[in-house]
Amino acid sequence: MTASQDPARRTFWPLLRQATAYELRKQVAFRVGFVVRELGHGLVEPLVMLCVFWALYRSAGEGAVLRGWTFPELVQYVAGLLVVRKAMFHNRALDLSTQIFEGRVTKYLVMPMDYFVLAVARFTQYTLLQLGIGALTWTIGALVAPEHWLFPVSFGACAGALTLLLLGSWCCFLVYYILNALAFWLDVVWSLLVMVWFVISFAGGALLPVSQMPPVVFRVLEYGFPYWTISAPIEVLMGRLAAADVARGLAILAVTAALLEAVRRVVWRRGLARYGGAGM
Amino acid sequence: MSTPFNFYVRVARQYTRIGWVRKSQFRWEFVNQVVMDCLYYLSFLLTFQILYGLRDDLTLAGWTRDDIRVFLGMAFVTDAFMMTWLGQSWHFGDDLKAGNLDAFRLRPGPVWFTYSFQRFSPEGLTNMLVAVGLLTYGLVRHPAIGAADLWLVPLAFAVAFTAQAALVVLLQGLEFWAVNADLSRFFSQIFTQISDRPLDVYPRGVKRFFIWAVPIGALAWFPAGVLVGRHGALFVLGYACLIALFAVAAGRLFARGMRRYESAMS
């Protein structure tokens, strides 16, 4: 049989061309996916919020102060929000409930290790990546619009804000871990996760600064970890909160984290006792 | 050969029946999803309540507190339509990768419809009742809206629902060119965030882009504007026609994308 008659040889080049184009397309698509999922995450909502405030302050008149906030201060707040929202742990990084629902946790349970370590690794990866992207976002903003951008008032404020953010993000992670583990009982917990995100983002100040809410609402929300995770770190960077406030926030976050850790252990232990191992 | 309208009705009826059966397996999830959307509505209502409460004379680019009630009601109704009928779009990227569209290619009907509308959601329908209730409250409280204006409600709904379905189909269609990019889910979230506020709050160029180029203004800004009388008759007529054309274009783009479909795409 000659080379021209061998089907494998005849189709080699066309197939190679097609398969190469396919692989290239796949890789480019993965890159697009990375840009969309990781770089684009959390960028739009703060900008939408800025536009709403812009319209509101225009109607209030030049130099208006609405419940202690001027428009330039709100611009700085939104700049901070762009970074904080990125670095704060998001449920999309955890797929524990799906693993429980489909029975895929089983393979980890027979391994000589604590499953929680894998989830912590996910938290670490997410935080490192998003802090890097957040730093990039902050740098671009500082270069493009330095007159409006948020610059930390001091190194101490920066350290305090970062500590609050990381500890608050850990609390978010524990909350999501517990909610995911509820899949042992509820099978599907997707809507619970979204629901909690609505509450965290509203109570934390992702829609408007918590200190701009009515005083009675503020007094309640300042005892919750979302406030110390989103709104407070930005206000620390702006110099609106002092070192004593940071210490108070750290205390609230530490107590919250300890409580959540205790709940996580109980939920995981009891959930495993119910776990059938086969999934749905 | 065009598909008879009766076909869409029959398929939608079957999807509705299957949706009820599916949801009866996860009753707790049903309750959770209803509560989840109510919390979503509440977070918006509270935010705007707080913003307008900062001072008595404030408006949002000309939208008064009464106008905003109607706007939010309309935004919730459109969102509930999306949740009721178009929930499968959240999984389009994964289905495309896994080759799950094969079965839809074999069915006797347009794939954009049989795929996009397959996941009827009873909890979405429940939230639609809540959203319609909020919209009704907004209409009743609005001083400039009377019983004579109620004929505009079906028009507002028709434009909003058509635009929502067309947008979903368009974004799904784009995924054929960028498999694994999660474009439809990402842009769907972004467009929802943008369209949940009146487009007048954005800079002029952005506003024009979202009215004419990617008409997400039709989801809430346009229908709410129709109800509170912010748009002229000529604009209303012209924009309704534009949305119809946009829907046709989205369907064509999806059909072109289907020709690129390779079963398991990555």
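No experiment lies behind these values; they were computed from the predicted model shown. Reminder, nothing fancy here: chain letters follow the sequence lines and each chain counts from 1.
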| Among A:Val199, A:Val44, A:Leu43, A:Val196, who wins on heavy-atom pairs under 4.5 Å with chain B? | A:Val44
| Which bit of A:Leu208 comes within less than 4.5 Å of chain B, counting heavy atoms only: side chain, backbone, both or neither? | side chain
| request: Report, as yes or no, whether the 6.0 Å neighbourhood of atom CZ on B:Arg208 holds more than 12 heavy atoms from other residues, nucleotides or ligands. | output: no
| task | Below 4.5 Å from any heavy atom of chain A, which atoms of B:Pro203 appear? Answer side chain, backbone, both or neither. | result | both
| query | Is the centre of the A:Phe198 ring less than 6.0 Å from the centre of the B:Tyr40 ring? | reply | yes
| Test of ring centre spacing under 6.0 Å for B:Phe92 and B:Phe176 | yes
| message | Test side chain to side chain contact (heavy atoms under 4.5 Å, CB included) on A:Arg240 and A:Ser211; report intermediate values, then the result. | response | CA-CA 10 Å; A:Arg240 291 171 66 100; A:Ser211 56; 4.2 Å; yes
| request: Check the angle between the aromatic planes of A:Tyr176 and A:His90 and answer parallel, tilted or perpendicular using the 30° and 60° thresholds. | output: tilted
| For A:Tyr57, is it the side chain, the backbone, both, or neither that has a heavy atom closer than 4.5 Å to a heavy atom of chain B? | neither
| note | The interface call for A:Trp197 against chain B, heavy-atom contacts under 4.5 Å, is neither
| task | Have a look at B:Met83 and tell me which of B:Glu123, B:Met128, B:Met36 forms a side-chain contact (heavy atoms from CB on, under 4.5 Å) with it. | result | B:Met36
| request: Specify which of B:Asp57, B:Leu51, B:Asp200 makes the most heavy-atom pairs with chain A at under 4.5 Å. | output: B:Leu51
| remark: From the list B:Val206, B:Asp37, B:Leu39, B:Asp196, the residue making the most non-hydrogen contacts under 4.5 Å with chain A is B:Leu39
